Amino acid sequence: MSELDLSVNLCGVRLPNPTVLASGILGLTHKVMVRVAKSGAGAVTTKSISRAPRDGYHSPVVLQWNGGLINAVGLSNPGVEVMIEEIRAAKEKLAPLGVPIIASIFADTIYDFGAIARYVSDARPDLIEVNISCPNIDDEYSRMFAGDPYVSAQVTHRVKRSTDLPVLVKLSPNVTDIVKIALAVEEAGADGITAVNSLGPGLILDVESCRPVLAHGTGGISGPALRPIAVRCVRDICRAVKIPVLAVGGVTTGRDVVEMLLVGATAVGIGSAVALRGSEVFATVCRELETYMTNHGYENLDAFRGRATAIAF
Amino acid sequence: MSELDLSVNLCGVRLPNPTVLASGILGLTHKVMVRVAKSGAGAVTTKSISRAPRDGYHSPVVLQWNGGLINAVGLSNPGVEVMIEEIRAAKEKLAPLGVPIIASIFADTIYDFGAIARYVSDARPDLIEVNISCPNIDDEYSRMFAGDPYVSAQVTHRVKRSTDLPVLVKLSPNVTDIVKIALAVEEAGADGITAVNSLGPGLILDVESCRPVLAHGTGGISGPALRPIAVRCVRDICRAVKIPVLAVGGVTTGRDVVEMLLVGATAVGIGSAVALRGSEVFATVCRELETYMTNHGYENLDAFRGRATAIAF
Amino acid sequence: MTINFPRPARIRQITQESRLVRTFVLDTAMPGAEPGQFVMLWLPGVDEKPMSVAVPAPLTLTVTRIGPFSTALHQAREGTQVGVRGPYGHGFTLEPDRPALLVAGGCGVPPIYFLACRAVERGVSVTVALGAQRAGDMVYDDRFRDLGVELLLATDDGSLGHQGYVTDLAAQRARQFPQPPTIYACGPEPMLAALLRLCQQQGWAGQFSVERYIKCGFGICGQCALDGLLVCQDGPVLTVEQLARAQDFGRFSRSATGRRMPIR
Amino acid sequence: MTINFPRPARIRQITQESRLVRTFVLDTAMPGAEPGQFVMLWLPGVDEKPMSVAVPAPLTLTVTRIGPFSTALHQAREGTQVGVRGPYGHGFTLEPDRPALLVAGGCGVPPIYFLACRAVERGVSVTVALGAQRAGDMVYDDRFRDLGVELLLATDDGSLGHQGYVTDLAAQRARQFPQPPTIYACGPEPMLAALLRLCQQQGWAGQFSVERYIKCGFGICGQCALDGLLVCQDGPVLTVEQLARAQDFGRFSRSATGRRMPIR
Ligand SMILES: Cc1cc2nc3c(=O)[nH]c(=O)nc-3n(C[C@H](O)[C@H](O)[C@@H](O)COP(=O)(O)OP(=O)(O)OC[C@H]3O[C@@H](n4cnc5c(N)ncnc54)[C@H](O)[C@@H]3O)c2cc1C
Ligand SMILES: Cc1cc2nc3c(=O)[nH]c(=O)nc-3n(C[C@H](O)[C@H](O)[C@@H](O)COP(=O)(O)OP(=O)(O)OC[C@H]3O[C@@H](n4cnc5c(N)ncnc54)[C@H](O)[C@@H]3O)c2cc1C
Ligand SMILES: Cc1cc2nc3c(=O)[nH]c(=O)nc-3n(C[C@H](O)[C@H](O)[C@H](O)COP(=O)(O)O)c2cc1C
Ligand SMILES: Cc1cc2nc3c(=O)[nH]c(=O)nc-3n(C[C@H](O)[C@H](O)[C@H](O)COP(=O)(O)O)c2cc1C
Ligand code: FES
Ligand code: FES
């Protein structure tokens with residue numbers, strides 16, 4: 001087993017293994033991010049960072065149902081000034097471990113995306129992930145940036161001009177044609193694509209009180225229920241673009257990591273599975289991945305990445 | 001319990017209870033549809049009917065995963081000439097039971113939707129459901145009609161002019177803004193809306209053979225994984241339109257029926273749950289619904305329909 | 001519980017049974033499968049078809065080469081990966097108190113072999129009648145002999161055993177039974193239809209395994225309808241009483257579109 | 001298993017404990033809950049907040065009116081519908097071989113009561129020290145008296161029991177124990193910080209229940225971070241050793257945004 005090489009090159013950044021802590025999961029404070037890295041993640045992503053601090057919505061903000069999680073956190077975060085300190089502190093501890101940190105950013109205007117990218121770059125995260133795809137902010141910002149190829153490209157442009165760091169743009173599955181958006185952000189200079197954000201939004205009621213169970217009302221669907229949709233999105237995007245894809249959505253087991261790699265993903269984000277299998281999920285999933293590789297005689301991930309896309313279907 | 005009235009008026013048609021066999025589930029032959037009605041469904045829908053017979057895709061065409069079903073049947077059906085005989089035979093047996101039959105139709109051109117609606121009307125089903133939202137035909141027809149408000153309205157127009165029967169238009173959750181489509185078909189004269197068809201499409205691989213598990217590759221997601229998305233779609237549509245909504249998507253228990261009614265649905269389709277709970281699911285779900293009504297002192301469905309939409313959220 | 005999702009498995013052993021028939025032993029099992037139940041056998045990239053369980057552990061399927069799927073399967077080698085889901089359907093119910101006559105023709109032989117094995121395990125003595133066109137098409141006859149059951153063979157050309165229809169041979173033998181027998185049968189529908197008439201005339205009990213076009217296998221698609229019955233769930237094994245009420249039995253089957261087609 | 005989804009329940013009984021404190025008995029139970037664990041209590045249309053289990057069956061919660069949520073809850077009537085999920089977190093672990101000193105202040109009293117009940121059930125004798133600002137703010141003292149445990153009371157103004165800090169009272173009593181005690185404590189963080197220093201000086205063991213801003217309750221959102229610890233999962237009960245390593249303990253908490261805020 002020690003012969004297996006799980007490492008990944010994501011936009012020029014080396015990850016010791018393909019599992020990435022997804023944005024919004026535990027990524028608020030440096031000590032917790034370091035703990036997740038020590039428990040086996042190949043990279044960690046911060047919670048999405050806005051210019052000003054945000055309280056987020058009232059609770060419940062995230063619940064578990066039989067398909068996974070439903071969340072409307074409201075992008076709560078302490079704002080970029082606080083978060084760059086967390087990133088700096090995290091990076092200091094993560095660099096010796098060889099685990100990169102991805103700073104997730106979001107803003108409510110195209111212009112602000114640039115400003116915050118510049119700000120965050122000061123803290124030297126290894127990558128920037130641009131969250132244009134949160135499904136829970138529609139009422140606030142009137143629409144999701146990732147719903148429109150032109151707007152998505154504009155945001156990408158602006159961020160690229162504001163940083164020298166590699167930039168991932170995070171897309172939404174809640175669009176009629178995700179490939180169109182992927183091509184637009186690639187064309188606009190994105191170094192990679194993160195696909196996907198949570199699905200929906202969805203709505204679950206408490207039928208006794210006739211109220212939505214989330215305080216916000218609707219919420220994004222993640223976890224196992226999202227997986228087949230995410231796999232299809234990643235497959236479609238990988239077929240269409242040349243830049244690497246960080247695949248996120250419902251990944252819970254080593255088998256699910258393999259599935260994402262088979263359709264062409266470079267690395268694989270894990271979020272909701274932390275609720276299902278604990279923060280050990282990264283190490284566990286890597287062990288399961290190694291078992292698959294051993295059974296098939298693969299020594300590294302390139303040996304099978306994209307194999308399913310090679311078979312025409 | 002015998003005091004409870006579960007009956008429903010769907011576009012002027014009386015259903016003894018709000019549960020409707022969804023299109024594509026068992027609805028191919030009259031004797032099986034009669035059996036489903038006898039086992040408790042308030043209405044039955046035929047498999048979607050095309051002009052010419054269709055073999056559908058190779059197998060597997062439908063599988064079960066932990067979130068529900070995934071299917072790409074390829075709209076197999078024996079064609080309208082055969083199906084109108086099935087509808088006639090079914091209607092003869094269903095009418096005495098007081099269970100209406102809904103004829104689901106689809107076509108590959110706007111024009112053909114009209115032709116097939118006219119043809120099907122000869123067999124006097126109680127309602128016509130216009131399937132413009134199958135997620136599995138993209139490659140064939142280059143796009144889904146339900147993805148575009150203008151095209152959806154055109155189809156609705158054409159069908160309305162070709163029949164005197166009440167017309168339901170079946171929408172897709174795979175659009176950026178389902179309310180826009182709902183408003184367009186209402187404006188075009190639809191008597192009601194069926195929401196929603198299956199989600200995605202999604203993709204599940206067999207990681208051993210690196211092949212999709214469905215012969216077609218991708219497939220529509222239905223069952224529990226779809227429910228929160230369907231509830232949100234139904235809520236959004238019921239807020240926006242005045243015509244009745246037949247809510248479909250993941251309904252498996254009486255609680256789920258209540259949830260759909262609370263967000264404003266008039267009746268509730270059940271498909272995948274037949275795999276989970278057998279064809280007795282209709283009777284079972286009605287019993288569960290009655291328990292809820294008894295606990296809350298409701299004597300009929302109007303007593304609580306739309307109650308969650310009344311509470312602003 | 002039945003898992004409605006293909007489980008990967010590999011072909012471990014292939015045996016040529018006759019010119020058109022091969023037996024495939026897989027490296028997996030279908031514990032709990034009953035005689036008469038079937039699995040859905042998936043050839044990735046090709047198709048998926050219903051196949052009767054011949055032996056549940058290791059899972060053994062006997063397949064007649066007849067069209068694209070079975071031809072592709074016959075081209076498979078040991079080690080080829082397939083997928084299986086099931087077991088599906090309602091199987092045979094052995095009635096231990098009546099003489100049991102098992103009748104099989106064509107690709108109906110494997111499930112009848114499974115039933116014979118079960119009978120022997122339970123100490124129920126059975127008579128088996130197998131039919132084929134000619135000697136070279138007869139399959140599984142030595143397996144039955146190894147089981148030690150009474151075995152009657154019939155071929156159309158008389159090249160092996162009795163010359164004529166297996167149904168006639170079976171009828172003849174059944175009339176000698178001290179008590180009215182139960183007929184357990186699997187084979188082409190005309191054969192089953194003849195047996196149904198026989199059972200009706202004689203007042204014998206019968207359980208026949210019927211084929212209809214199977215897509216889902218778990219009662220969702222409605223494709224396998226035989227009148228109001230779903231062959232994938234209510235069948236494939238149906239009783240004489242059920243079949244007597246099914247107007248299409250022996251007359252009409254359904255194609256992949258669902259269209260009714262006359263049989264033969 | 002913990003269900004991370006609010007289960008509907010109704011308020012069956014409400015008791016006024018003091019001017020700002022009410023106890024709510026629900027028509028549901030949290031079987032398997034351990035002392036120190038908490039539930040998320042949902043008021044539909046209002047908010048959801050963590051509340052320590054005071055009694056697991058019927059589920060009983062004691063709530064101090066402090067802000068919008070607790071005020072809305074205090075306005076609830078018998079019959080009001082709420083939702084509960086849990087139990088969450090890591091509770092107290094009774095060490096039966098050492099003298100047990102239970103210290104509580106403010107809204108820390110209910111979980112300490114649950115722990116005292118558990119100790120009495122197990123035959124472990126415990127000493128309980130409760131603190132409040134004045135006599136009218138003291139809650140649960142008669143419940144502890146009914147349990148028959150040794151009870152020490154302290155108020156800031158001396159209007160009930162000892163005048164001064166409950167921490168001093170507790171320290172004084174603990175020094176009289178024949179063996180080094182374990183301190184089990186719940187209350188305001190400055191009180192816990194004082195107890196931590198005491199334990200460190202004296203070499204006593206300690207388990208303290210700590211509050212941080214809780215959103216998810218099941219280790220997903222990271223909001224409850226205390227250094228590298230997640231209070232909703234690793235806590236709320238943490239050991240003296242864990243807290244000694246947590247640089248923020250007693251100094252910084254986090255707001256709903258996740259921003260570090262100085263305590264007091
Ligand atoms: C319950 C059941 C058990 C079966 N068990 C066996 C078995 O143990 N061994 C065996 O060789 N065959 C068995 N069959 C038949 C087998 O599934 C088909 O013959 C299949 O192999 C044909 O596929 P093909 O592509 O080779 O031929 P095709 O050219 O596609 O079909 C040839 C004929 O096979 C039948 N057929 C095709 N597809 C299906 C389908 N999806 N469902 C039912 N019938 C179909 C039709 O009558 C068709 O005319 C069984 C069928 C059923 C319904
Ligand atoms: C593990 C745990 C157990 C608790 N048990 C009890 C209990 O048994 N009885 C009781 O009265 N209170 C308990 N609390 C505190 C309680 O959750 C809050 O005080 C809540 O009632 C405040 O809500 P509010 O809207 O009334 O006040 P707000 O004005 O919103 O807040 C007042 C103060 O309460 C705290 N608080 C607010 N929201 C939260 C939150 N989501 N998580 C943690 N702290 C918060 C903050 O310190 C805040 O400054 C517990 C807290 C934790 C962490
Ligand atoms: C509680 C929660 C909070 C999230 N917050 C963010 C966020 O701040 N920014 C973001 O880009 N994605 C956010 N997401 C989406 C995840 O990063 C991820 O894309 C999604 O959950 C799908 O992956 P999963 O199925 O592995 O959870 C959040 C998801 C959850 C469950
Ligand atoms: C096997 C299968 C076949 C289907 N075929 C059709 C169809 O022919 N026409 C149609 O409008 N919807 C079809 N659907 C969609 C269902 O009618 C329904 O909208 C969807 O499955 C969601 O409901 P459910 O979660 O209750 O299954 C099909 C669904 C399944 C699972
Ligand atoms: S094969 Fe689908 S219902 Fe029987
Ligand atoms: S409250 Fe969310 S991780 Fe602890």
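As the structure is a prediction and not an experimental result, all values here were calculated from the model. Just so we're on the same page: letters track the sequence lines, and every chain starts at 1.
- Note that OH of C:Tyr213 is 7.0 Å distant from CG of B:Asp55, once rounded to the nearest 0.5 Å.
- Interface remark: of the candidates B:Ala275, B:Ala215, B:Ser279, B:Gly278, B:Ala275 forms the most heavy-atom pairs closer than 4.5 Å to chain C.
- Using a 4.5 Å heavy-atom cutoff, the side chains of B:Ser59 and C:Phe69 are not in contact.
- Counting heavy-atom pairs closer than 4.5 Å to chain B, the top residue among C:Cys224, C:Cys221, C:Cys216, C:Ala225 is C:Cys221.
- Of the two parts of C:Val46, only the backbone, made up of N, CA, C and O, holds a non-hydrogen atom closer than 4.5 Å to a non-hydrogen atom of chain B.
- Of all heavy-atom pairs between C:Arg10 and B:Glu208, the closest is NH2-OE1, 4.4 Å.
- In B:Glu85, the CD atom is crowded: over 12 heavy atoms of neighbouring residues, nucleotides or ligands sit closer than 6.0 Å.
- Only the side chain of C:Asp234 has a heavy atom closer than 4.5 Å to any heavy atom of chain B.
- With chain C as partner, the option from B:Ser76, B:Gly271, B:Pro60 having the largest number of non-hydrogen pairs under 4.5 angstrom is B:Pro60.
- Within a 6.0 Å sphere centred on CD of C:Gln247, heavy atoms belonging to other residues, nucleotides or ligands number 12 at most.
- Side-chain contact between C:Ile220 and B:Gln64 is absent, with no heavy atoms from C-beta onward closer than 4.5 Å.
- Both the backbone and the side chain of B:Val62 come within contact range of chain C, with heavy atoms under 4.5 Å apart.
- With hydrogens and angles disregarded, no donor-acceptor distance shorter than 3.5 Å links the side chain of C:Asn4 to the backbone of B:Leu63.
- Only the side chain of B:Thr29 has a heavy atom closer than 4.5 Å to any heavy atom of chain C.
- With rounding to the nearest 0.5 Å, the separation of CG in C:Leu229 from CZ in B:Arg35 is 6.5 Å.
- Each of B:Ile204, B:Val36, B:Asn77 has some count of heavy-atom pairs under 4.5 Å with chain C, and the biggest count is that of B:Asn77.
- Counting heavy atoms of neighbouring residues, nucleotides and ligands inside a 6.0 Å radius, atom CD of B:Glu81 does not exceed 12 of them.
- Here CG of C:Leu43 is found 10.5 Å from CZ of B:Arg211. Values are rounded to the nearest 0.5 Å.
- With contacts defined as side-chain heavy-atom distances shorter than 4.5 Å, the pair B:Leu28/C:Gln223 qualifies.
- Of all heavy-atom pairs between B:Asp206 and C:Pro8, the closest is OD1-CG, 3.5 Å.
- When all heavy atoms of B:Ser209 and C:Trp42 are compared, the pair lying nearest together is OG-CH2, 4.0 Å.
- Enclosure of atom CZ in C:Arg259 is not indicated, since only 12 or fewer non-hydrogen atoms of other residues, nucleotides or ligands lie within 6.0 angstrom.
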